[in-house]
Amino acid sequence: MNVITIVLVLIVLAALWASLTTLLLRATIALALTSAMLAVVMYSLGATIAAVVELSVCAGLISVVFVSVISLTQRKPFKDYLTRRMSRMRRFWPLPMVLVAVGVALSFIHSPVQVALPLPGGDGDVRTVLWSFRQLDLFGQILILLAGVFGVLVLFKKEGKDGD
């Protein structure tokens, strides 16, 4: 079993965790883990730029936005959480078993089709590609991250006693 297979299994487990959990913060963490592991897969397949974007925007910025929105909402009582959790478990209890069965079935299928991936252009080193060929993309990503940070700061700005 190679590393990519293990990471793909971990992606499925993290996505399953995000689907089955009833706490929004745990679901956000699971989605961030899923996105980070997907970035590892993209990087290992040679899509370095896509991996960097996936990691910084999807695992980073989107998770920060989700956590900030979750922190602005009011919590429900713990009794409601337990009721919702039991209801969800009753509805989705066969899902993990179905995923395991599909995974086992797919592991027995040996497809002779070979997918040829294109070689990355240039050096292939992330630093060389980002700083030499993709400066405008890098600048755009920095602006997007700063906009997200400033958006979170505006959301959490506390007003002074004078209404400033």
Side-chain angles (χ1 to χ4, degrees), residues 1-120 124 126 129-130 137 140-141 144-156:
M1 190 181 277
N2 58 10
V3 175
I4 296 296
T5 306
I6 293 170
V7 173
L8 289 174
V9 168
L10 290 175
I11 288 174
V12 171
L13 290 176
L16 184 64
W17 179 35
S19 301
L20 293 179
T21 187
T22 54
L23 294 176
L24 293 176
L25 190 58
R26 288 183 185 172
T28 301
I29 292 169
L31 286 173
L33 284 173
T34 304
S35 186
M37 288 183 282
L38 182 62
V40 169
V41 171
M42 288 179 181
Y43 183 79
S44 65
L45 292 175
T48 54
I49 302 296
V52 169
V53 171
E54 177 74 22
L55 190 61
S56 62
V57 174
C58 297
L61 179 65
I62 300 300
S63 298
V64 169
V65 170
F66 282 172
V67 168
S68 62
V69 169
I70 290 167
S71 67
L72 292 174
T73 60
Q74 293 182 353
R75 290 188 168 192
K76 292 186 176 183
F78 190 69
K79 188 176 182 180
D80 290 347
Y81 161 73
L82 290 177
T83 306
R84 201 172 67 210
R85 181 177 176 189
M86 292 306 293
S87 169
R88 184 171 281 200
M89 287 299 181
R90 273 185 256 132
R91 283 186 300 180
F92 296 119
W93 68 267
L95 186 60
M97 290 184 284
V98 169
L99 284 175
V100 168
V102 168
V104 168
L106 288 176
S107 69
F108 287 118
I109 297 174
H110 296 288
S111 176
V113 178
Q114 294 291 329
V115 178
L117 296 174
L119 295 174
V126 174
V129 170
L130 280 178
D137 294 339
Q141 250 192 342
I144 290 170
L145 288 172
L146 287 175
V149 168
F150 290 131
V152 169
L153 289 176
V154 167
L155 286 174
F156 289 116

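Positions are given from 1, in the same order as the sequence printed here. Below, all heavy atoms of this structure are taken into account, side chains as well, without hydrogens, waters or symmetry copies. Predicted model, so just to flag it, every value in this text is computed and none were measured.
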Which heavy atom in M37 sits nearest to a heavy atom in A14, and how many Å separate them?
CE-CB, 3.8 Å
Return the set of residues passing side-chain contact (heavy atoms from CB on, under 4.5 Å) with I70 (not counting sequence neighbours), or none when no residue passes.
L24, T28
Between V3 and S44, does a side chain to side chain contact (heavy atoms under 4.5 Å, CB included) hold up when you go through it step by step?
CA-CA 10 Å; V3 175; S44 65; over 6 Å; no
Considering residues at least two apart in sequence or located in another chain, which fulfil the side-chain contact (heavy atoms from CB on, under 4.5 Å) criterion with L16?
L20, L95, P96, L99
L45 CG to I4 CD1 distance, which is reported to the nearest 0.5 Å:
5.5 Å
Distance (rounded to the nearest 0.5 Å) between L61 CG and F66 CZ
10.0 Å
Going by the rule side-chain contact (heavy atoms from CB on, under 4.5 Å), which residues pair with A30 if we only count those two or more places apart in sequence or in a different chain?
W17, A18
Is there a donor-acceptor contact under 3.5 Å linking the side chains of T83 and D80?
no
Between side-chain atoms of residues 53-60 and protein atoms elsewhere (two or more places apart, or another chain), which donor-acceptor pairs fall under 3.5 Å?
from, atom 1, to, atom 2, distance (Å)
E54, OE2, S35, OG, 2.5
S56, OG, V52, O, 2.9
S56, OG, Q141, NE2, 2.7

Spatial distance of atom CG (L38) from atom CG (L8) [nearest 0.5 Å]:
9.0 Å
Considering residues at least two apart in sequence or located in another chain, which fulfil the side-chain contact (heavy atoms from CB on, under 4.5 Å) criterion with V100?
V104
